[in-house]
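Sequence positions, counted from 1, serve as the residue numbers for this chain. Hydrogens, waters and symmetry mates play no part in the numbers below; they use all other heavy atoms, side chains included.
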Amino acid sequence: KTAVCLFILCFMGATGVISAPSISIEGKTIWQLKVIPVPVKNILRAKADLHILVACTATIFSAIILSFTVGLTILQTIFLIVISCLFHCLCAYAGLYINLLLPKFDWINETAAIKQSASVLITMLAMLTVTGLSVALLFILGNATWFLAVTGILYALLALGSFELCMHAGVKRFQAL
């Protein structure tokens, strides 16, 4: 039950990648972010933090509702929330980095930057792939407890890796825009 709930929450998170168009949305005003006296790391962290705040808030409410609906224990609900929030951290920083690689500044209205950008599509497909591989992991391990432990560790490592990528290569990429 917990694994299915986790899949549902991660699928929803993978289709709502808020940070993926966040650099593109700046459009022709990107120069303003580049000249303000704030470190680039703080700018990137703020964009990812917004994604994490919005996504994790929705996840917490959804997880609580799901846990009551399917009858999860408090411990299972806590694992569900923590692992889902780790997935959202991965989505936030991966989406931000992909947007740094593939920005779309030539839009006429904001909808094009959000709905028609390669960074959003690639981020969604990548996160859906991660979610799908997690489901495959469940079938490989066969045990929901091991699945939750391994998935939580993998999501934490991937989130940390995407964070580090954003804070180092992403900063350089932002400065080169």
Side-chain angles (χ1 to χ4, degrees), residues 1-22 24-25 44-102 111 113-167 170:
K1 295 187 288 187
T2 311
V4 173
C5 291
L6 181 63
F7 171 73
I8 291 168
L9 292 175
C10 289
F11 179 82
M12 290 184 337
T15 57
V17 285
I18 298 164
S19 65
S22 64
S24 296
I25 288 285
L44 297 179
R45 211 174 298 127
K47 289 185 174 292
D49 286 350
L50 176 67
H51 177 126
I52 294 166
L53 177 69
V54 171
C56 287
T57 302
T59 292
I60 291 168
F61 287 120
S62 299
I64 291 170
I65 292 168
L66 275 172
S67 68
F68 282 121
T69 304
V70 299
L72 299 179
T73 65
I74 291 174
L75 186 61
Q76 289 171 321
T77 304
I78 291 170
F79 275 121
L80 185 63
I81 290 170
V82 169
I83 295 170
S84 297
C85 287
L86 286 171
F87 181 78
H88 291 308
C89 291
L90 169 62
C91 289
Y93 285 102
L96 186 58
Y97 186 72
I98 292 169
N99 193 218
L100 286 166
L101 295 177
L102 301 167
T111 306
I114 297 167
K115 302 281 185 186
Q116 298 173 355
S117 72
S119 62
V120 173
L121 177 65
I122 290 169
T123 303
M124 285 176 66
L125 291 175
M127 294 305 108
L128 288 171
T129 301
V130 169
T131 303
L133 291 174
S134 298
V135 172
L137 184 63
L138 174 62
F139 289 111
I140 291 169
L141 294 174
N143 181 332
T145 305
W146 278 107
F147 164 73
L148 291 174
V150 171
T151 302
I153 292 168
L154 286 175
Y155 285 175
L157 291 174
L158 288 171
L160 182 63
S162 63
F163 171 79
E164 289 296 322
L165 190 63
C166 262
M167 293 299 114

Please round to the nearest 0.5 Å and tell me the distance separating atom [atom1] of [X] and atom [atom2] of [Y].
X      : Y      : atom1 : atom2 : answer
Leu44  : Cys166 : CG    : SG    : 6.0 Å
Ile83  : Leu154 : CD1   : CG    : 10.5 Å
Phe79  : Phe147 : CZ    : CZ    : 12.5 Å
Leu6   : Thr59  : CG    : OG1   : 10.0 Å
Lys47  : Asp49  : NZ    : CG    : 12.0 Å
Leu128 : Thr15  : CG    : OG1   : 7.0 Å

So [Y] and [X], do their side chains get closer than 4.5 Å, heavy atoms only?
X      : Y      : value
Ser134 : Leu138 : no
Val17  : Ile98  : no
Leu133 : Leu137 : no

Would a distance-only check, ignoring hydrogens and angles, find a side-chain to backbone donor-acceptor pair under 3.5 Å from [X] to [Y]?
X      : Y      : answer
Ser119 : Ala20  : yes
Ser19  : Ser22  : no
Ser67  : Ile64  : yes
Thr151 : Leu148 : no

> Would Val130 and Phe87 satisfy side-chain contact (heavy atoms from CB on, under 4.5 Å), going step by step from the backbone distance to the final call?
Replying inline: CA-CA 9 Å; Val130 169; Phe87 181 78; 4.0 Å; yes

> Using the ring of each side chain (for Trp, its six-membered ring), is Tyr93 parallel, tilted or perpendicular to Phe163, with breaks at 30° and 60°?
Replying inline: perpendicular

For a quick test of reading the model, state the closest non-hydrogen atom pair linking [X] to [Y] and the distance between them.
X      : Y      : value
Val120 : Ala113 : CG2-O, 4.4 Å
Tyr155 : Thr131 : OH-CA, 4.3 Å
Ala14  : Met127 : CB-CB, 3.6 Å
Ala118 : Leu102 : CB-CD1, 4.2 Å
Leu72  : Leu80  : CD1-CD2, 3.9 Å
Ile52  : His88  : CG1-O, 4.2 Å

>> Counting neighbours of CG on Leu75 that are heavy atoms of other residues, nucleotides or ligands and sit closer than 6.0 Å, is the number greater than 12?
In response: yes

>> Assess the residue pair Leu101 and Ile122 against the criterion (side-chain contact (heavy atoms from CB on, under 4.5 Å)); give the C-alpha distance rounded to whole Å, side-chain angles, the decisive distance to 0.1 Å, and a yes or no.
In response: CA-CA 11 Å; Leu101 295 177; Ile122 290 169; over 6 Å; no

